[in-house]
Amino acid sequence: MAALRTAASSTSGQGIIKVFQFTTVVDGDTFTGPASPKAFWVQGVGNPGTQAAAGVHATESSGTYTFYPGTDSLDMTLFVLT
């Protein structure tokens with residue numbers, strides 16, 4: 001399971017944006033968050049070491065987010081529009 005560092009939310013004209021910051025995420029880590037989001041995206045934070053290892057991907061199913069970072073043990077931020 002990904003180690004949650006902080007969580008915040010903000011209301012916009014399109015919905016509520018929830019922001020979750022994680023530390024040392026590794027491939028396959030999961031997080032239980034908002035189900036059925038309008039949209040979500042992740043951003044890696046840190047130096048991945050090589051250009052080929054750059055990038056972070058995630059999937060969502062019934063409120064469970066699974067992370068797939070290009071490099072393990074980097075911080076990342078998940079943005080969820082509900």
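Nothing fancy with the numbering, it's 1 onward along the sequence.
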**Prompt:** With sequence neighbours left out, which residue pairs that include part of residues 57-82 fulfil the salt bridge (charged side-chain N to carboxylate O under 4.0 Å, His left out) condition?
**Reply:**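 As it turns out, the salt bridge (charged side-chain N to carboxylate O under 4.0 Å, His left out) pairs with a partner in residues 57-82, which skip direct neighbours, are Arg5-Asp75.
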
Check residues 21-32 and write down every donor-acceptor pair under 3.5 Å in which the side-chain atom is one partner and the other belongs to a residue at least two apart or another chain.
from, atom 1, to, atom 2, distance (Å)
Gln21, OE1, Thr6, OG1, 2.6
Asp29, OD2, Val26, N, 3.0

**Request:** Sequence neighbours left out, what passes ring pair (Phe, Tyr, Trp, His ring centres under 6.0 Å) with Tyr68? Give chain and number order.
**Result:**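 Expected list: none.
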
**Prompt:** Can you tell me if Thr82 uses its side chain to pair, donor with acceptor, with the backbone of Ile16 under 3.5 Å?
**Reply:**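 Answer holds: yes.
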
**Message:** If hydrophobic clusters are built from ILVMFWY residues whose side chains come within less than 4.5 Å, do Val42 and Leu74 share one?
**Reply:**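 No, Val42 does not connect to Leu74 through the hydrophobic network.
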
**Asked** Shared ILVMFWY cluster between Phe20 and Met76, side chains joined below 4.5 angstrom?
**Response**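 Shared cluster, yes.
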
**Prompt:** Nearest heavy-atom pair of Phe40 and Ala58: which atoms, and what distance?
**Reply:**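 Nearest heavy atoms, Phe40 then Ala58: CE1-O, 3.7 Å.
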
**Request:** Measure across Ala35 and Ser62 and return the closest heavy-atom pair with its distance rounded to 0.1 Å.
**Result:**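 Residues Ala35 and Ser62, closest heavy atoms: CB-C, 4.0 Å.
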
**Item:** Heavy-atom check, side chain of Pro34 versus side chain of Tyr65, under 4.5 Å
**Value:**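 Counting from C-beta outward, Pro34 and Tyr65 do come under 4.5 Å.
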
